[in-house]
Amino acid sequence: MTPAQPLRVGMVGYAFMGAAHSHAWRTAPRFFDLPLQPQLTAVAGRNAEAARAAADKLGWDSVETDWRRLIERDDIDLIDICTPGDTHAEIAIAALEAGKHVLCEKPLANSVEEAERMTLAAETAAKQGVMSMCGFSYRRTPALALARRFVEQGRLGEIRHVRAQYLQDWLSDANAPMTWRLDKSKSGSGSLGDIGAHSIDAAQWVTGQSITGVSALLETFVPERPLAGDLVGLGGHGDLSGDAPRGKVTVDDAAIFSAKFDGGAGAGAIGVFEATRYALGRKNAMRLELNGTKGSLAFDFEDMNVLSFYDAAESPDAGFRKIFVTEPEHPYVGNWWPTGHGLGYEHGFTHQVVDLVTAIGEGRQPEPSFADALQVQRVLAAVEASATNSSQWQKV
């Protein structure tokens with residue numbers, strides 16, 4: 001067998017998402033047959049000592065302290081962007097113009113204008129065989145992928161209702177320290193873009209419908225937080241000493257909005273969305289429920305290996321039944337463990353690498369494209385516009 005050609009990866013950023021992506025690049029070729037062989041060639045970070053420590057821990061061969069050097073290197077084929085949103089546009093456009101494939105974390109950018117420029121650069125690069133993808137990793141959860149399959153097969157009939165929630169609690173402590181996620185200049189938005197973007201993408205992807213309008217409410221519960229303290233996970237413990245400085249929170253803590261979908265061939269569903277990092281007891285409850293004319297389905301990432309499904313014709317009095325999504329015929333699952341041995345959070349990123357590398361090897365556009373992510377960005381912008389205008393209806 002002829003060895004697969006290498007796909008030499010350069011990653012920018014090495015924190016939470018950088019660790020998840022590193023694991024995926026290492027793992028994907030060990031469980032899936034890929035047309036190209038990923039190589040963890042270099043990681044870039046501004047702090048040379050921290051970047052070197054991350055490279056040693058996560059398995060990268062070399063280090064750069066400027067992402068521009070990463071793009072200039074002849075031994076890099078793909079740039080993986082795992083940095084805050086304020087840097088996405090500059091890095092992605094430069095990489096695409098240099099002929100590098102790009103994987104960019106979500107949300108695509110901090111504004112529609114940035115996302116439009118990135119999409120134009122991506123479409124121009126694609127004409128030369130240079131591909132790009134946005135990292136909405138929840139698409140690769142087997143249970144959600146099975147939900148999409150059910151919708152495509154018509155098992156729900158015409159979709160009438162969409163309910164999407166993303167509930168976390170890591171910001172519930174009002175004295176947790178400031179992080180870049182609470183600074184609009186870096187993150188673009190708060191719960192809305194950080195986690196709500198996942199719900200928007202998942203709802204549109206599973207239903208096959210696009211959101212056309214919204215009415216929204218955004219709320220910031222804690223306007224100031226300690227600038228110093230001990231970070232623990234995403235949150236932590238702020239410095240509460242008398243002279244400790246505090247910083248202003250400039251993003252939303254919670255987002256709620258109603259939505260109308262375009263319906264495709266049908267009338268179009270109505271939807272309700274909620275995103276918060278203040279839901280005590282909810283650790284990563286990324287939920288989606290659809291109600292159609294023939295059936296319903298429900299998913300909760302806190303029980304990620306299960307899809308609940310109701311077939312009105314098959315069992316009208318039985319209610320929902322649970323499908324344990326670990327069978328080899330289920331999406332992605334056949335490459336992993338025997339039936340009944342569930343998967344975890346990290347597997348979605350591995351599947352993301354599999355889909356991206358397969359598409360690049362086959363010379364086709366991977367999904368979600370930057371254009372797909374731009375549509376999500378437009379929904380985010382419409383939500384913000386509605387919330388600042390007394391929740392008036394805002395077209396997307």
Side-chain angles (χ1 to χ4, degrees), residues 6-22 24-26 36 38-135 179-181 183-188 349 352-353 356-357 360 366 369-370 373-374 377:
L7 180 70
R8 301 163 298 182
V9 180
M11 187 175 72
V12 190
Y14 48 79
F16 173 27
M17 280 298 99
H21 283 222
S22 299
W25 287 115
R26 292 195 312 270
L36 302 169
Q39 295 181 358
L40 284 70
T41 302
V43 61
R46 289 172 294 182
N47 183 314
E49 183 178 353
R52 169 47 61 193
D56 292 342
K57 182 177 182 179
L58 300 175
W60 294 87
D61 294 337
S62 62
V63 169
E64 297 287 351
T65 55
D66 187 334
W67 59 263
R68 295 170 183 83
R69 304 291 83 77
L70 205 62
I71 291 175
E72 292 171 354
R73 287 177 54 161
D74 293 334
D75 62 344
I76 299 292
D77 303 308
L78 182 146
I79 298 296
D80 185 357
I81 304 171
C82 298
T83 54
D86 63 318
T87 63
H88 287 185
E90 184 179 13
I91 298 172
I93 292 171
L96 290 166
E97 290 178 346
K100 314 290 187 183
H101 306 296
V102 172
L103 170 61
C104 183
E105 258 302 322
K106 50 51 55 191
L108 186 61
N110 278 6
S111 70
V112 170
E113 186 275 332
E114 286 180 342
E116 287 175 339
R117 290 194 290 113
M118 294 170 73
T119 300
L120 178 60
E123 291 172 346
T124 300
K127 296 175 182 177
Q128 306 301 319
V130 178
M131 300 303 174
S132 54
M133 187 174 83
C134 188
T179 72
W180 68 267
R181 295 176 189 272
D183 181 350
K184 187 175 179 63
S185 67
K186 293 183 173 63
S187 63
F349 293 93
Q352 178 172 272
V353 164
L356 173 60
V357 174
I360 292 173
S369 67
F370 278 16
L374 168 59
Q377 200 79 43

Heavy-atom closest pair, residues [X] and [Y]:
X: Val357; Y: Trp25; answer: CG2-CZ3, 3.8 Å
X: Arg26; Y: Leu58; answer: NH1-O, 2.7 Å
X: Ser22; Y: Trp60; answer: OG-NE1, 2.8 Å
X: Arg181; Y: Ser187; answer: O-OG, 3.4 Å
X: Val63; Y: Ala55; answer: CG2-CB, 3.6 Å

I'd like a table of donor-acceptor pairs (distance under 3.5 Å, sequence neighbours excluded) in which one partner is a side-chain atom from residues 103-110, with atom names and distances.
from, atom 1, to, atom 2, distance (Å)
Glu105, OE2, His21, NE2, 2.8
Lys106, NZ, Asp194, O, 2.6
Asn110, ND2, Lys186, O, 3.1

| Are a donor atom and an acceptor atom from the side chains of Arg73 and Thr41 found within less than 3.5 Å of each other? |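 Note: Arg73 and Thr41 side chains miss the donor-acceptor criterion.
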
If you look only at distance, which donor and acceptor atoms sit under 3.5 Å apart when one is on a side chain in residues 42-49 and the other is two or more places apart or in another chain?
from, atom 1, to, atom 2, distance (Å)
Asn47, OD1, Glu49, N, 3.1
Asn47, OD1, Ala50, N, 2.9

Anything under 3.5 Å between a donor and an acceptor, one on a side chain of residues 118-130, the other on a protein residue two or more places apart or in another chain? List them.
from, atom 1, to, atom 2, distance (Å)
Thr119, OG1, Ala115, O, 2.8
Thr119, OG1, Phe370, O, 3.3
Thr124, OG1, Leu120, O, 2.9

| said: If the threshold is 4.0 Å, N to carboxylate O, is there a salt bridge linking Glu90 and Arg117? | reply: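 No.
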
| task | Go through the steps for Cys82 and Tyr14 under the test side chain to side chain contact (heavy atoms under 4.5 Å, CB included), then give the verdict. | result | CA-CA 7 Å; Cys82 298; Tyr14 48 79; over 6 Å; no

Approximate separation, where rounding is to 0.5 Å, of [X] [atom1] and [Y] [atom2]:
X: Lys184; Y: Asp86; atom1: NZ; atom2: CG; answer: 12.0 Å
X: Ser62; Y: Arg52; atom1: OG; atom2: CZ; answer: 7.0 Å
X: Arg8; Y: His101; atom1: CZ; atom2: NE2; answer: 10.5 Å
X: Ile71; Y: Ile76; atom1: CD1; atom2: CD1; answer: 10.0 Å
X: Gln39; Y: Asp75; atom1: CD; atom2: CG; answer: 9.5 Å
X: Leu70; Y: Ile79; atom1: CG; atom2: CD1; answer: 4.0 Å

| request: Give the intermediate values and the outcome of side chain to side chain contact (heavy atoms under 4.5 Å, CB included) for residues Leu356 and Leu78. | output: CA-CA 11 Å; Leu356 173 60; Leu78 182 146; 3.9 Å; yes

| Between Gln377 and Glu116, is a side chain to side chain contact (heavy atoms under 4.5 Å, CB included) present by the stated rule, with each step listed? | CA-CA 9 Å; Gln377 200 79 43; Glu116 287 175 339; over 6 Å; no

| message | If you apply the rule side chain to side chain contact (heavy atoms under 4.5 Å, CB included), what do you find for Val112 with Leu374, and how did you get there? | response | CA-CA 7 Å; Val112 170; Leu374 168 59; 4.3 Å; yes

